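Not measured: the values here are computed from a predicted model. For this chain, numbers begin at 1 and follow the sequence in order.
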Amino acid sequence: LQWLSPPEAIEHFKSQEIRLAPPQFYELCRLCNFSSLQELHKFSSERALEGCERWMPVILTASDGYMQILPGDELYPEDPDHTGEKKINFSTDKKVEDLMKEGSIFHRIVIKNTNDVAVYVNIPTKYKHINPVMINSKNSDFNSRL
């Protein structure tokens, strides 16, 4: 067991030394906004009473990867199937790169393969929260629109 800072954990993930699920990658990118535990503590103390939002990603399968689409993203459905009862197949024949070039309002995690993950967010936060630092995966060939 080894303690890693958020940037170190992301680097270990990218070099395939550790595995991270997309939600953990997203949260590590949010933690990259803080340079110290004291700074994180101050932020969390100041916004503690603001509230929080619970969300569920919707998986969009592309021809060369997939995306976890989060609330606020232009592709997030108005009535998402959170229970799986509707058996909605959310997929496209387009490539991830094309979906990124066509879009303009992002709140998504792009997954090309196990260690090729990127977070794209350009929407305002709610409840005085903080967006993740957008850390592009090493193989990204599209640009952020921030």
May I ask you to decide if S104's main-chain N or O and E74's side chain share a donor-acceptor pair within less than 3.5 Å?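 Yes; judged by distance alone, with no hydrogens or angles, the pair exists.
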For N122, is there any backbone N or O sitting under 3.5 Å from a side-chain donor or acceptor partner on N131?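 Flag not set: sc N131 to bb N122 has no pair under 3.5 Å.
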CA sep, side-chain torsions, deciding dist, call: E53, H129, side chain to side chain contact (heavy atoms under 4.5 Å, CB included): CA-CA 10 Å; E53 179 181 33; H129 228 301; over 6 Å; no
Spacing of [X] atom [atom1] and [Y] atom [atom2] [to the nearest 0.5 Å]:
X    : Y    : atom1 : atom2 : answer
L60  : L99  : CG    : CG    : 6.0 Å
I123 : I105 : CD1   : CD1   : 9.0 Å
L75  : F90  : CG    : CZ    : 5.5 Å
Q38  : S45  : CD    : OG    : 11.5 Å
L28  : S5   : CG    : OG    : 9.0 Å
C32  : I130 : SG    : CD1   : 10.5 Å

Out of curiosity, does L40 fall in the hydrophobic cluster containing L49 (side-chain heavy atoms, cut-off under 4.5 Å, transitive links)?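 Different clusters.
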If hydrophobic clusters are built from ILVMFWY residues whose side chains come within less than 4.5 Å, do I69 and M56 share one?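 Different clusters.
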Can you find a pair of side-chain heavy atoms, one from F106 and one from V121, that are under 4.5 Å apart?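 In short, these two side chains do not touch, never coming nearer than 4.5 Å.
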Would a 4.5 Å heavy-atom cut-off, applied to side chains only, mark Y76 and V58 as touching?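 Contact flag for Y76/V58 side chains = yes.
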Stepwise side chain to side chain contact (heavy atoms under 4.5 Å, CB included) check, N33 with F43: CA-CA 10 Å; N33 284 289; F43 168 78; over 6 Å; no
Any side chain to side chain donor-acceptor pair (under 3.5 Å) pairs touching residues 56-68, not counting sequence neighbours?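 Non-adjacent pairs meeting side chain to side chain donor-acceptor pair (under 3.5 Å): D64-K112.
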Going by side-chain contact (heavy atoms from CB on, under 4.5 Å), name the residues that satisfy it together with I18, two or more places apart in sequence or in a different chain.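 side-chain contact (heavy atoms from CB on, under 4.5 Å) check on I18 returns L4, A9, H12, F13, L20.
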Candidate pair F25 and R19, rule side chain to side chain contact (heavy atoms under 4.5 Å, CB included), full reasoning: CA-CA 9 Å; F25 183 81; R19 290 184 182 254; over 6 Å; no
Filter on salt bridge (Lys or Arg N to Asp or Glu O under 4.0 Å), then keep only pairs touching residues 20-32, sequence neighbours left out; what's left?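 Sorted pair list: E27-R30.
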Testing the basics here: between Y127 and E50, what is the closest heavy-atom pair and its distance to 0.1 Å?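 What the structure gives for the nearest pair is CD2-O, 3.0 Å.
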Closest approach of I109 to P22 (non-hydrogen atoms, all atoms of both residues):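 Result for this residue pair: CD1-O, 3.7 Å.
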Parallel under 30°, tilted from 30 to 60°, perpendicular over 60°: which one fits the rings of Y26 and H107?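 Rings of Y26 and H107: tilted, as their planes differ by 30° to 60°.
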What's the verdict on side chain to side chain contact (heavy atoms under 4.5 Å, CB included) for E46 and K128, showing C-alpha distance, side-chain angles and the deciding distance? CA-CA 9 Å; E46 289 173 357; K128 295 185 182 177; over 6 Å; no
